[in-house]
Protein chains: 2
Amino acid sequence: MEKVKLGIIGLGVEGMAYAKFILDGRVPNMEIGAVSDVSADKESVAKEFGVPFFGDYKEMIKSGAVDAVVTTVPHFLHPEMGIFALENGVHALVEKPVGVYTKQAQRLLDVAKSKPELQFGVFFNQRTNDLYKDLRALISSGELGALRHTSWIITNWWRPQGYYDMSAWRATWGGEGGGVLVNQAPHQLDLWQWICGVPKSVFAKVQFGFRRDIAVEDEVNALVDFGNGATGSFITATHDMIGTDRLEILLDKGKIVVENSKDVTISRLNKPEQELSKNMSLEDVRKLFSGQLDMSEFMTTETKSYISVWGDQHSEVMRNFAAAIHGEEELLAPGADGIHGVRLANAIHLSGWTGQEVSIENFDDATYLNELNKRIREEGKFEERD
Amino acid sequence: MEKVKLGIIGLGVEGMAYAKFILDGRVPNMEIGAVSDVSADKESVAKEFGVPFFGDYKEMIKSGAVDAVVTTVPHFLHPEMGIFALENGVHALVEKPVGVYTKQAQRLLDVAKSKPELQFGVFFNQRTNDLYKDLRALISSGELGALRHTSWIITNWWRPQGYYDMSAWRATWGGEGGGVLVNQAPHQLDLWQWICGVPKSVFAKVQFGFRRDIAVEDEVNALVDFGNGATGSFITATHDMIGTDRLEILLDKGKIVVENSKDVTISRLNKPEQELSKNMSLEDVRKLFSGQLDMSEFMTTETKSYISVWGDQHSEVMRNFAAAIHGEEELLAPGADGIHGVRLANAIHLSGWTGQEVSIENFDDATYLNELNKRIREEGKFEERD
């Protein structure tokens, strides 16, 4: 089967890394068809790769040189580029997030829905991590019962001030549309919902420019409600040099704890917890209070470690995308899934701004966009959005 | 010096345990002066101890047989008993919580304030844990700088249904006044504030009778605001058989992680984090993005384990209380400190009931008591409170 010819839009750090993975043969069913960048001096890179260069990504899409594109550009541009590709018969692999705000992301999803013959994926490379795939399968199977609680402390997204100072659009409302929620944490916002389900509402404390000299948020503490009494906590920051990555999921029949996206402990109760609670003898209750009850009798515990090689996740997303184009596989991260993380991120912002709990189920796109535009206007560096 | 003669009010599981610690000589500066219980058949226990028995605690206090009392009785009774003791010249060691609601606790604090010659303590035995004493001293010293974030998942308070079914007053609004917040978690609500400071507001999701057949809460997910951008998460439950106890505290110059109230990891940054952030070279920033930067270069990490023997904590609270009466030591847990935990617990309830963020700084005692009485009335088992 012919290799999928990928057009890379944007030759920054990310676009260059993806190009290298393909050139190194780490994505066997894909080749670079062309590259595009707004900066003309990237033409030499195209020459080096031996592929055509386009200053305008639209020309690249219309040229016939590519079957698909990936959008490694500032976040606000993902939807319009995805739409242009799909409307011109080109498959779209959109970088996360699929949009900065839901109204924009929805436009892309609507176009994608009208083009079922084309693949529309989102670059959630962490979904390729076997650990998370296994957890999703375990929870979906129902073996551990219904969700009670989950918390994710994911503060190992440390970014120094120099990172923020690199580009004028970085960490601005108008150029990037947010901070840790839009740039770093979308991976976990996606995984969390992929594994535990989509929350119905959120209350959050959001710190804007807390320990960095930026307009947008560098710390988030969010409390979500999944319905049926199940709740969750999501804590992220870019100023924690000692970074924590700890996910805990409590269910009716067991608990999962993941450390560093690598080491997982799964405790399985011998029976549903409520049954064990109801049937415990008074003698055992007395033992409990004098510290004599061995709780491990009621459960089995499994520990596993997963190994991750840098670059494998990104190569795997591209391989899976090409395989989907070939009709061989389902997309691991369909683009439509991407809107859940955008909506949760938007709702967290909105809760932080208003001090109120915000509905995710009936999310108010218009109010969010108004609030975002207010900040873009005050900032005075970029155009408002619609 | 003469031993302090303690009067034990309530010979339930707790009162009996404390008596045994004293009789076993684990509290060298204290002896049992008398005991009191509403149940006359406990007189035989007093005989066994060789001390006077009183059916009415007030008579015991007025008898001259005791220098001090401890109140091991249902929570609602702590304040009135503490007040009666102090007003009759007897030192009071009140069980936690110092009251079920702040208005009640405040009455006790006011009386205690008017009796500076008497000792008024609260039975926060976990304050005697060297681990928490050391953490409080470390954070108070300022070595690690200002607080940024803290979270405590403390769900190892597992209680089976049979525990709740033991007494008619247990886990009711009128008889106990709450669930995990009033009975089990007060220890951590106290320690958290003792170490990290008193929060200014809270938003919480509180599950009442979530996985237990009870009127009150068996799960809490609370998000607090300490002011100056510092926030915290507090998660507790009585239905988690696999129980977690994990405290994390992030500060400007380091991080503390405590597992199981026993193992602590302290990471100290070589310089304040913002300074490291500002001065990082572009070369190091580049290394960071390719996973080549060794973050351990910027910090030192210390791990320590603390050993705790069952009963030592309780004996130590009594020893310290007697030493304070002798004028030899300061109280480790002054009674006045107890109101912070009561207020936080009340504010969490109120936020759960109203769905709103609740001020702790300007806590509305009256509204809380109204809401509590509404639930006592609906329950129809006990009298309303004032």
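Labels below follow one simple rule: chain letters A, B, ... track the order of the sequence lines, proteins then strands, and each chain is numbered from 1. Note that the structure is a prediction, hence the values are computed from the model and not measured. No hydrogens, no waters, no symmetry mates; every other heavy atom, side chains included, goes into these values.
- A donor-acceptor pair is defined here as one N or O able to donate and one able to accept, closer than 3.5 Å; such a pair exists between the side chain of Thr72(A) and the backbone of Gly10(A).
- Looking only at heavy-atom pairs under 4.5 Å with chain A, the residue among Met166(B), Glu273(B), Arg211(B), His149(B) that has the most is Arg211(B).
- Only the side chain of Ser151(A) comes within contact range of chain B, with heavy atoms under 4.5 Å apart.
- No other option in Thr155(A), Leu282(A), Asp252(A), Val257(A) has as many heavy-atom pairs under 4.5 Å with chain B as Asp252(A).
- If you tally non-hydrogen atom pairs under 4.5 Å between each of Glu219(A), Gln207(A), Lys278(A), Lys255(A) and chain B, the highest count goes to Lys255(A).
- A donor-acceptor pair is defined here as one N or O able to donate and one able to accept, closer than 3.5 Å; such a pair exists between the side chain of Thr236(A) and the backbone of Ile154(A).
- Side-chain contact check for Asn221(B) and Ser233(A): at least one donor-acceptor pair (N or O, by modelled atom type) lies under 3.5 Å.
- A donor and an acceptor atom, one from each side chain of Tyr163(A) and Thr238(A), are nowhere located under 3.5 Å apart.
- With chain B as the partner, the residue from Arg148(A), Arg212(A), Met295(A) showing the most heavy-atom pairs under 4.5 Å is Arg148(A).
- Proximity to chain B (any heavy atom under 4.5 Å) is restricted, for Leu288(A), to the side chain, taken from C-beta onward.
- Counting heavy-atom pairs under 4.5 Å between each of Met280(A), His239(A), Arg246(A) and chain B puts His239(A) at the top.
- The aromatic rings of Trp192(B) and Phe234(B) sit tilted, their planes meeting at an angle between 30° and 60°.
- A distance-only check finds a donor-acceptor pair linking the side chain of Asp218(B) to the backbone of Phe210(B) [under 3.5 Å].
- At a 4.5 Å heavy-atom cutoff, the contact between Ser201(A) and chain B is made by side-chain atoms alone.
- Checking side-chain atoms of Glu217(B) against main-chain N and O of Leu181(B) turns up a donor-acceptor pair under 3.5 Å.
- Considering only heavy-atom pairs separated by less than 4.5 Å from chain A, the leading option among Glu248(B), Gln356(B), Arg286(B) is Glu248(B).
- Looking at Asn125(A) and Phe123(A), their side chains come closer than 4.5 Å, going by heavy atoms from C-beta outward.
- Contacts of Ala237(A) with chain B are absent, with no heavy-atom separation under 4.5 Å from either backbone or side chain.
- The most heavy-atom pairs under 4.5 Å with chain A, out of Leu269(B), Val13(B), Thr244(B), Leu276(B), come from Thr244(B).
- Contact of Ala17(B) with chain A is not made at all, since no heavy-atom distance falls under 4.5 Å.
- Listed options Leu223(A), Leu250(A), Val285(A) were ranked by heavy-atom pairs under 4.5 angstrom with chain B; first place goes to Leu223(A).
- Looking at Phe298(B), the atoms closer than 4.5 Å to chain A (heavy atoms on both sides) all sit in the side chain, from C-beta outward.
- Of the listed residues (Arg159(A), Lys205(A), Gln161(A)), the one with the most heavy-atom contacts under 4.5 Å to chain B is Lys205(A).
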How far apart are the C-alpha atoms of Asn279(B) and Glu275(B), what are their side-chain angles, what is the distance that settles it, and do they pass the side-chain hydrogen bond (donor to acceptor under 3.5 Å, both in side chains) test?
-> CA-CA 6 Å; Asn279(B) 297 332; Glu275(B) 208 175 301; 4.7 Å; no

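- Ring-plane geometry between Tyr18(A) and His314(A) is classed as tilted, the angle between the planes lying from 30 to 60 degrees on a 0 to 90 degree scale.
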